[in-house]
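Presented below is the structure to which this report refers.
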Amino acid sequence: MTNNQCCCGGVEEIIKEESGCGCGSFEVTDQSKIKNPQNPKKEINNSLMKNLEKKSNKLGIVSIGYSKIPDDIFNANDMLDYSNAIVLTFPIGMDIINEIPSDKTQELNNDLYEEFGNITYELSDHLREEGFATQVVHPMGGLTDLSKLGQEAKLGYIGKNGLLISPELGPRLKISAILTTIENLPYSQENSHEWVKNYCKRCSKCIKACPEEALIEKSNKLAKANIMDEKCIGCSQGCTYCIEACPFFENGYEWVKEKQMKLEAKLKEKGKL
């Protein structure tokens, strides 16, 4: 449980291990219905891109972003077929949030992973039909640090609990990715969510909310806490306490941003920023 958008977060590099975080109790298998083309296309036009985004939205995808996996990281992991990534986010249902950690909650969590995984494969097959080669990174992970990949795709920023904080859902989301031969994806150059780390440096609500003490504040109070994977029950009992306690979940992204911007303005006035 170390390298995806599990309830316990991600790791420091985009690619770390070949094994997943162990979330869920079902086996992840390739569910592609269409084979990769022998001579895949490398460029996508605006019409096909808009069609992909429209289809994603209809299937329940909340946000879609694009990232290039750095060559040194890509070349260090022979499990990855392509370095161009289409990154997808999907909401964690309130039925999971409202349940206490239990076997029942984990079953709901498993169902969510399966649903989101199926959607990711459907979108991957759609691209294969259009002549592009793909490789699915299931939301259960195993190939990439999905939280970090979501940050690289500018869909949000990683918070203190190791989860991606997005403007649409805060930390209440799962992440998957489709690696592809498409080389002209619309990559964003700047991450407008970088301010999140400044807020998270001061806030420790997720740490205090964890009943298992799986989140440990770093001595220098960096934005991201140390995550004790062996203690976290997010991947065994569907625990979401660190999500529920997060101000980005409680009050919303824009409320937190306004609060942080006012604080930073005051600090600049006093010459402390």
Side-chain angles (χ1 to χ4, degrees), residues 3-5 10-11 13-20 28-90 113-156 164 173-191:
N3 59 344
N4 66 357
Q5 183 79 356
V11 291
E13 296 117 8
I14 293 180
I15 307 299
K16 185 172 177 68
E17 299 176 348
E18 293 178 4
S19 59
V28 176
T29 58
D30 188 345
Q31 299 170 40
S32 301
K33 297 179 180 179
I34 298 174
K35 292 183 179 180
N36 267 325
Q38 291 186 346
N39 298 299
K41 298 177 182 178
K42 294 186 177 181
E43 292 194 358
I44 189 170
N45 60 42
N46 289 335
S47 178
L48 289 178
M49 180 59 68
K50 289 181 179 179
N51 184 260
L52 173 67
E53 293 178 347
K54 185 177 180 180
K55 184 176 180 65
S56 298
N57 183 258
K58 285 185 177 180
L59 290 172
I61 298 301
V62 174
S63 59
I64 178 169
Y66 310 94
S67 176
K68 184 83 173 179
I69 299 175
D71 289 341
D72 57 336
I73 296 176
F74 174 71
N75 293 331
N77 191 320
D78 58 9
M79 297 291 289
L80 301 178
D81 294 337
Y82 316 108
S83 62
N84 311 296
I86 299 171
V87 189
L88 311 167
T89 68
F90 195 74
Y113 275 122
E114 189 168 17
E115 178 186 5
F116 187 19
N118 290 340
I119 290 172
T120 306
Y121 274 105
E122 183 173 344
L123 292 170
S124 171
D125 282 341
H126 172 74
L127 288 171
R128 291 183 179 189
E129 282 183 320
E130 297 293 347
F132 306 103
T134 63
Q135 178 187 21
V136 167
V137 181
H138 196 277
M140 282 179 66
L143 294 178
T144 70
D145 175 347
L146 287 169
S147 291
K148 183 65 174 178
L149 198 57
Q151 180 172 292
E152 291 290 326
K154 316 302 189 291
L155 294 177
L164 186 74
L173 55 82
K174 301 289 188 184
I175 306 169
S176 71
I178 301 172
L179 308 186
T180 178
T181 51
I182 303 172
E183 296 178 348
N184 65 327
L185 294 172
Y187 304 113
S188 298
Q189 298 303 312
E190 295 183 8
N191 194 329

Between Lys55 and Glu122, is any pair of side-chain heavy atoms under 4.5 Å apart? yes
Got Ile182 and Thr134 here, is their nearest side-chain heavy-atom distance under 4.5 Å? no
Before you tell me yes or no, could you show the steps for Leu164 and Leu149 under side chain to side chain contact (heavy atoms under 4.5 Å, CB included), namely the whole-Å CA-CA distance, both residues' side-chain angles and the distance that decides it to 0.1 Å? CA-CA 9 Å; Leu164 186 74; Leu149 198 57; over 6 Å; no
Ile178 and Leu127, any side-chain heavy atoms less than 4.5 Å apart: yes
Could you pull out all residues at least two apart from Phe116 that satisfy ring-ring contact (aromatic ring centres under 6.0 Å, His included)? Phe90
Hey, mind stepping through Val87 and Ile64 against side chain to side chain contact (heavy atoms under 4.5 Å, CB included) and telling me if it holds? CA-CA 6 Å; Val87 189; Ile64 178 169; over 6 Å; no
Are Ile175 and Leu88 close enough, and set up right, to give a side chain to side chain contact (heavy atoms under 4.5 Å, CB included), and what steps lead you there? CA-CA 6 Å; Ile175 306 169; Leu88 311 167; over 6 Å; no
Verdict with supporting geometry, Tyr187 and Asn84, side chain to side chain contact (heavy atoms under 4.5 Å, CB included): CA-CA 10 Å; Tyr187 304 113; Asn84 311 296; 3.1 Å; yes
Determine yes or no for a side-chain-to-main-chain donor-acceptor pair under 3.5 angstrom, with Asn191 supplying the side chain and Gln151 the backbone. yes
So side-chain hydrogen bond (donor to acceptor under 3.5 Å, both in side chains) across residues 39-53, not counting sequence neighbours, yields Asn51-His126, Glu53-Tyr66
Between the main-chain N or O of Glu190 and the side-chain N or O of Ser188, is there a donor-acceptor pair closer than 3.5 Å? no
Would you check if Val137 and Ser176 make a side-chain contact, meaning some heavy-atom pair closer than 4.5 Å? no
Between the main-chain N or O of Met79 and the side-chain N or O of Gln135, is there a donor-acceptor pair closer than 3.5 Å? yes
How long is the gap from OG on Ser63 to NZ on Lys154, to the nearest 0.5 Å? 13.5 Å
Flag side-chain contact, heavy atom, 4.5 Å: Leu80 against Thr144: yes
Student check: side-chain heavy atoms of Lys68 and Leu185 closer than 4.5 Å: no
To the nearest 0.5 Å, what is the distance between CD (Gln31) and CG (Asp125)? 10.0 Å
Any side-chain heavy atom of Lys54 sitting closer than 4.5 Å to one from Leu52? no
Name the one of Ile69, Asp81, Val136 that satisfies side chain to side chain contact (heavy atoms under 4.5 Å, CB included) with Leu179? Ile69
Distance check, rounded to the nearest 0.5 Å: Ile34 atom CD1 versus Glu130 atom CD? 9.5 Å
Would you say the side-chain atoms of Ser124 pair up with the backbone N or O of Thr120, donor to acceptor, closer than 3.5 Å? no
Please answer whether the main-chain N or O of Ala133 pairs with a side-chain N or O of Thr180 as donor and acceptor at a distance below 3.5 Å. yes
Is the side chain of Arg128 donor-acceptor paired with the backbone N or O of Pro37 at a distance under 3.5 Å, no angle test? no
